[in-house]
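To start, the structure itself, in structure tokens.
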Amino acid sequence: MNQNNTINIRAIRNKKSIKKDLSLQPKNIHDQYYQESDDSEDEKILSKIGRLQTKKYKDKDFIGYDENLNKIQKKKQFQDTIDEFINKTENKDWWRVVRDEMNNQDVVLSDKQLQLLDRIRTGKTAIKLADDYYFEHEDFNQFDLLSSYNPKRRFLPSKWERIKINKLVQGIKLGRIVLNPPQKVEKIFDIWENVAEDQVLSKYLPARIPASKAQLPSNVASYNPPEEYLFTEQEKQQWLQTDPEDREIPFIPQKFKHLRNVPSSEQLAKDLFNRCLDLYLAPRIRRKKLMMKSTDFLPEIPKPEELKPFPTRLNFEFGQIDTTKSGQVKQISISQDGQILGVCYEYAVAFFDAKTTKCLLTKWQSEDKQFLGLDFSQSGLICILQSNGFIILNSYIDKRQHPNVEDGEKANKQIPKNSNNVFEWNFELDDNVFQQLLEVKMPYDPLYAQFHSKSDYIVSTQPHTHVKSHCILVHSISKSSTSIPFQNMKASTEVQQTIFHPTKPELYIMTNKNIFIYSLTKQQLMKKLLAGNQQNSTIAIHPYGDNLIVGSNDQKVCWFDLDMGKTPFKKMSYHKNGVRRVIFHKTYPLFASCSDDGTINIFHCRISTDLNQAPVILPLKVLKQKKKESVMDVAFHPTQPWIYSASKEGVVSLWT
């Protein structure tokens, strides 16, 4: 150590010598540290800002303070990339320069420093040791200092490395792995190069757009305009009172005898500034302007005359029976061949000839019981709903046989009579025009029933039951049995209507707000449709089976596309009162809805087999009752574009 920085041991006894020796020490402790330290001067930090971030001095002309509280000024750097590029071309050792942000200076690395960095990057020691017994090797694990010998597997070629190498070789052969892929280099062109203007524009720049031309002066701007262009006092006052944006002429026209008498314009600087603004705000892209009208964006809707045939007018009305005895109309239905029309009243069921309006049969009911509805099957059976059960009739006058009824009669004989069965099946024949084949008794009143396409099964809906599981029943005629498909049903569910799918073994259950699709083969719920209505009233499925419509008491009709989602594809609200019935035509692209407001709305619905095209729904005609009576039910003719309607007072009409 230096003699100036040490204290003599002998001087400890003398206090004066101690004071003298202490005065020889450096005043600043940091100076003593840098004098005794082995670090180079390059590592000395000039800025004494501590842990303060350098971002604080980003917008200032100094980077901090030194130990004497003097500002350390920033050194000038390159202003842009062009200066940096010029410096690289002039300085060959530019790649050795490293920026020291703390001291705001550029450090040039020497060969030894570069060699040191290279050794650190390769995983070696920073300084090569000079020991004779020290040697470097890539894999230090092979030269352990343990007494045990290395196992044989360390000297054998690795099996997994061979597999990996084979995969890499195969990838190189097939082209999946590219060795030394060519790097994409940006094309830098010299903007001052002597190249033709057209060639540069075509290669690198967009198409040239000429600047907007300035508006040429007219006769008003002349120094000697005609008298009619000059302002009167009233016009001058009016021009001064108006806003500059609303003025037709931006100046007051004046008249001079000679051109040399014209003074300099007061608005010259302002006009030049506005011209620069016009050039600055001029468009930089050419856009092709399409001359289109607002009606061109609307889809092409065909006229209703092009979508004929559909019902347009009242043809005739069927003969009425005594409504004081029969009561209100419940439901109407037509046979599959279109010959017989059935009308269900509260206390009577009437069958008419659809062509001649002749009444073929009127079946009356006692005052204790009521008729609730009816439905025709494809084989000619008629299901008539009544209080505590239903009956099945044969619609053919020749009394042809039905194999399902015969099988059901044989199965009914094998059932023991003393069995405790809630549902009774009685096969009793009568001699009426429409022969009664069987009768089923149950403890509930079915409000709606529908035949399956095979005419063997009937699904009935009983909303008002004490047992919730009995609100949906499936009756098999050939087995003469009644099954309960849903044993565990919530007490809060209120089933309104249940129908079969026209082609698939599926059951559609409509509640007050939702529609459930149930698979009969898998016996599980497939989909739940959200109608969003307050109370659903009626449902109908398209003959193709991919679309359905739902009517509600809150004047809405919802169209569902089963391939699109759970919500309605389209919601329509065109009725003034609740919707009573919605139906599809079996052969024509038509559907209809009736309401308590006394109207029948006919729609055209075109459904494409292409799943990418949405259904097309177009309104065609609104049919109105004469007395604006509420329409209780409607039914399409199976083969003709006709529709039958029944009013509340019992008037049955045919619209063609």
State whether a side-chain donor-acceptor pair under 3.5 Å links T465 with H470. no

Only distances under 3.5 Å count here; give the side-chain donor-acceptor pairs of residues 577-586 to other protein atoms, sequence neighbours excluded, each with its distance to 0.1 Å.
| unit_1 | atom_1 | unit_2 | atom_2 | d |
| --- | --- | --- | --- | --- |
| R580 | NE | D596 | OD1 | 2.7 |
| R581 | NE | D633 | OD1 | 3.0 |
| H585 | ND1 | T587 | N | 3.2 |
| H585 | ND1 | T587 | OG1 | 3.3 |
| H585 | ND1 | Y588 | N | 3.2 |
| H585 | NE2 | H637 | O | 2.9 |
| H585 | NE2 | Q640 | O | 2.8 |
| K586 | NZ | Q336 | OE1 | 2.7 |

Separation between CH2 (W425) and NZ (K479), nearest 0.5 Å, reads 11.5 Å

Please indicate whether K571 has more than 12 foreign heavy atoms, meaning atoms of other residues, nucleotides or ligands, lying under 6.0 Å from its NZ. yes

The criterion is side-chain hydrogen bond (donor to acceptor under 3.5 Å, both in side chains); which residues satisfy it with D375, sequence neighbours excluded? none

Ring centroids only, cut at 6.0 angstrom: are Y444 and H464 within range, meaning strictly under it? no

Looking at CG of D445 and NZ of K369, how far apart are the two atoms once the value is rounded to the nearest 0.5 Å? 10.0 Å

Over 12 non-hydrogen atoms of neighbours within 6.0 angstrom of CZ in F316: yes

Checking T599, N601, V631 against C594 for side-chain contact (heavy atoms from CB on, under 4.5 Å), the one that qualifies is V631

Can you find a heavy atom in the side chain of L447 that is under 4.5 Å from one in the side chain of T461? no

Once you round to the nearest 0.5 Å, how far does CG of L529 lie from CD1 of I517? 4.5 Å

I'd like to know if the side chain of S476 pairs up with that of S481 as donor and acceptor (distance under 3.5 Å, no hydrogens or angles considered). no

Backbone N or O of L562 within a donor-acceptor pair of the K527 side chain at under 3.5 Å? yes

Yes or no on side chain to side chain contact (heavy atoms under 4.5 Å, CB included) for S478 and Y457, after CA distance, side-chain angles and deciding distance? CA-CA 8 Å; S478 61; Y457 294 95; 5.7 Å; no

Testing N512, N536, T538 one by one against Q496 for a side-chain hydrogen bond (donor to acceptor under 3.5 Å, both in side chains), which residue passes? N512

Do Y518 and F486 have their ring centres less than 6.0 Å from each other? yes

Matching residue for F603 among F310, W559, Y574 - test: ring-ring contact (aromatic ring centres under 6.0 Å, His included): Y574

Are more than 12 heavy atoms from other residues, nucleotides or ligands located less than 6.0 Å from atom NZ of K454? no

Distance (rounded to the nearest 0.5 Å) between S333 OG and L374 CG: 5.0 Å

Does a sphere of radius 6.0 Å around CZ in R247 hold more than 12 heavy atoms from other residues, nucleotides or ligands, not counting ones at 6.0 Å or beyond? yes

Backbone N or O of V474 within a donor-acceptor pair of the S483 side chain at under 3.5 Å? yes

When rounded to the nearest 0.5 angstrom, what distance separates CD in Q497 from CE in M510? 5.0 Å

Might you confirm whether atom CD of Q524 has over 12 heavy atoms from other residues, nucleotides or ligands at distances under 6.0 Å? yes

Separation between OG of S645 and CH2 of W655, rounded to the nearest 0.5 Å: 6.0 Å

